[in-house]
Structures are given as structure tokens and as C-alpha cells.
Amino acid sequence: MISTARVPADKPVRIAFSLDNASDETPPEDAIPLVFPELDQQLQPLPPCHDSPESMQVFRQHCQIAEEYNEVKKEIALLEERKKELIAKLDQAEKEKGDAAQLAREFEVLMEENRALKLAQSQCVEQLEKLRIQYQKRQGSS
């Protein structure tokens with residue numbers, strides 16, 4: 001029979017087992033093929049009773065679930081990072097869209113001002129031409 005002991009929560013738990021059913025030997029307790037240091041203490045697979053095939057099967061399943069859990073956690077972390085990147089890109093695109101809209105409004109204002117100035121210029125040119133004609137008529141009549 002295997003004795004069990006509590007391990008402090010701050011120390012990683014290392015568990016060894018053999019997936020090979022052909023071996024009848026009990027693996028030594030200091031063998032360390034599987035390690036789950038990133039798992040919370042309450043999620044760590046408990047050592048199996050090596051005399052019980054059912055206990056070994058449950059332990060194998062628990063180890064497999066722990067590995068899958070780690071993979072899912074990694075994938076979630078990657079997806080969260082990607083989400084942050086996409087949010088940053090979206091914020092940048094919205095800022096650029098806002099900047100473009102502001103520039104478009106400024107462009108319209110400037111175009112209207114340009115039209116008004118061209119109209120004023122043409123009116124001034126017409127008025128100047130009329131004044132020249134009047135001046136020439138005065139010069140010719142004197």
C-alpha cells in the first residue's frame with residue numbers, strides 16, 4: 001500500500017505513473033514523468049492506488065483532463081491576447097475614421113470659403129473694370 005502525505009500549496013506536485021499495462025511493477029514514487037505545476041493545488045491529480053486498475057484508470061483520465069485543461073487555458077490566453085490586439089486595431093480604425101470625417105468637414109468648409117472668395121474676387125474684378133471704364137470716359141470727356 002502507498003502512503004500519502006499533504007504537500008504544501010506553494011510547492012509543485014509531481015506525479016509519476018505508467019500508461020503501459022504490461023508492467024506489473026509498481027513505479028517508484030520518485031519517478032517524475034508528468035508534472036502539472038501550473039495547475040491549482042485542488043486540481044492536481046491525486047496519486048493512484050497502484051494495486052487497483054480502476055484507480056489507475058481514473059488517475060490516467062485525470063491526467064489527461066489536466067493536460068486538456070492546460071491546453072484550453074493556453075488557448076484562452078492566446079485568444080484574449082488576440083482580442084486585445086483586435087480591440088486596439090478597432091480603436092485605431094475608429095480614431096482614423098473620426099479623423100477622416102473631421103478632415104472631410106474641414107475640407108467642405110474650406111471649399112465653401114474658396115467659392116465665396118472666388119465670387120468676391122470676380123465681383124471685385126468686374127467692379128474694377130467698371131471703374132476703369134468710367135475713369136476712361138471721364139478722361140476722354142475732359
Side-chain angles (χ1 to χ4, degrees), residues 2-23 25-142:
I2 298 174
S3 63
T4 59
R6 292 240 174 231
V7 177
D10 61 335
K11 292 188 179 183
V13 175
R14 299 170 189 226
I15 300 171
F17 73 96
S18 170
L19 294 176
D20 183 12
N21 287 336
S23 173
E25 296 179 19
T26 302
E29 288 189 30
D30 59 346
I32 310 171
L34 288 181
V35 179
F36 300 100
E38 59 278 345
L39 271 179
D40 294 338
Q41 183 66 31
Q42 70 268 16
L43 298 177
Q44 292 288 335
L46 298 175
C49 175
H50 294 286
D51 297 335
S52 168
E54 183 180 359
S55 176
M56 292 298 293
Q57 181 62 29
V58 168
F59 178 72
R60 285 186 204 101
Q61 289 173 348
H62 194 169
C63 288
Q64 182 179 2
I65 291 169
E67 288 174 11
E68 290 172 4
Y69 177 78
N70 283 333
E71 290 301 315
V72 169
K73 277 180 62 174
K74 288 176 187 175
E75 187 173 345
I76 288 171
L78 291 173
L79 291 172
E80 286 175 349
E81 187 62 33
R82 178 70 175 141
K83 176 184 170 185
K84 288 178 187 177
E85 292 170 5
L86 291 174
I87 287 172
K89 282 184 179 181
L90 179 62
D91 289 344
Q92 182 65 27
E94 288 175 354
K95 181 183 180 301
E96 289 172 2
K97 184 179 178 182
D99 291 347
Q102 178 64 28
L103 290 173
R105 287 189 294 272
E106 289 177 18
F107 178 76
E108 287 301 317
V109 168
L110 291 173
M111 288 297 290
E112 186 57 38
E113 186 178 336
N114 189 19
R115 281 186 221 112
L117 289 172
K118 284 183 178 181
L119 179 61
Q121 180 204 18
S122 67
Q123 289 172 347
C124 288
V125 167
E126 285 178 23
Q127 188 178 6
L128 179 61
E129 193 59 38
K130 287 178 185 177
L131 289 173
R132 280 187 187 151
I133 293 171
Q134 286 177 357
Y135 180 72
Q136 287 174 353
K137 284 183 183 179
R138 284 188 192 159
Q139 289 290 336
S141 58
S142 327

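- For E112, the side chain to side chain donor-acceptor pair (under 3.5 Å) partners are R115, not counting sequence neighbours.
- Note: K95 NZ to D99 CG = 4.0 Å, rounded to the nearest 0.5 Å.
- Ion pairing of E108 with R105 is absent here, as no side-chain N (NZ or NE/NH1/NH2) approaches a carboxylate O to less than 4.0 Å.
- Between V72 and I76 there is a side-chain heavy-atom pair separated by less than 4.5 Å.
- Residues passing the side chain to side chain contact (heavy atoms under 4.5 Å, CB included) test with L119 are S122, Q123, sequence neighbours excluded.
- In plain terms, the two heavy atoms of F59 and L46 that are nearest each other are CD1-O, 2.9 Å.
- Remark: side-chain polar atoms of H62 are paired, donor with acceptor, to backbone N or O of L43 under 3.5 angstrom.
- The shortest heavy-atom contact between M56 and C49 is CG-O, 4.0 Å.
- In this structure, the side chain to side chain contact (heavy atoms under 4.5 Å, CB included) partners of I87, at least two apart in sequence or on a different chain, are K83, D91.
- Listed by chain and number, the residues in a side chain to side chain contact (heavy atoms under 4.5 Å, CB included) with Q64 are E68 (sequence neighbours excluded).
- Inter-residue side-chain proximity for Q61 and Q57 is flagged as met; some heavy-atom pair is nearer than 4.5 Å.
- Every side chain to side chain contact (heavy atoms under 4.5 Å, CB included) that Q121 has, sequence neighbours left out, goes to V125.
- Of all the heavy atoms in Q44 and L39, the pair that sits closest is NE2-O, 3.1 Å.
- For the atom pair CG (L79) and CD (E75), the distance works out to 5.5 Å, reported to the nearest 0.5 Å.
- Counting heavy atoms of neighbouring residues, nucleotides and ligands inside a 6.0 Å radius, atom CD of E54 does not exceed 12 of them.
- By the side chain to side chain donor-acceptor pair (under 3.5 Å) test, Q92 is found to be paired with E96, residues two or more places apart in sequence or in another chain being considered.
- For the atom pair Q134 CD and Q127 CD, the distance stands at 9.5 Å (nearest 0.5 Å).
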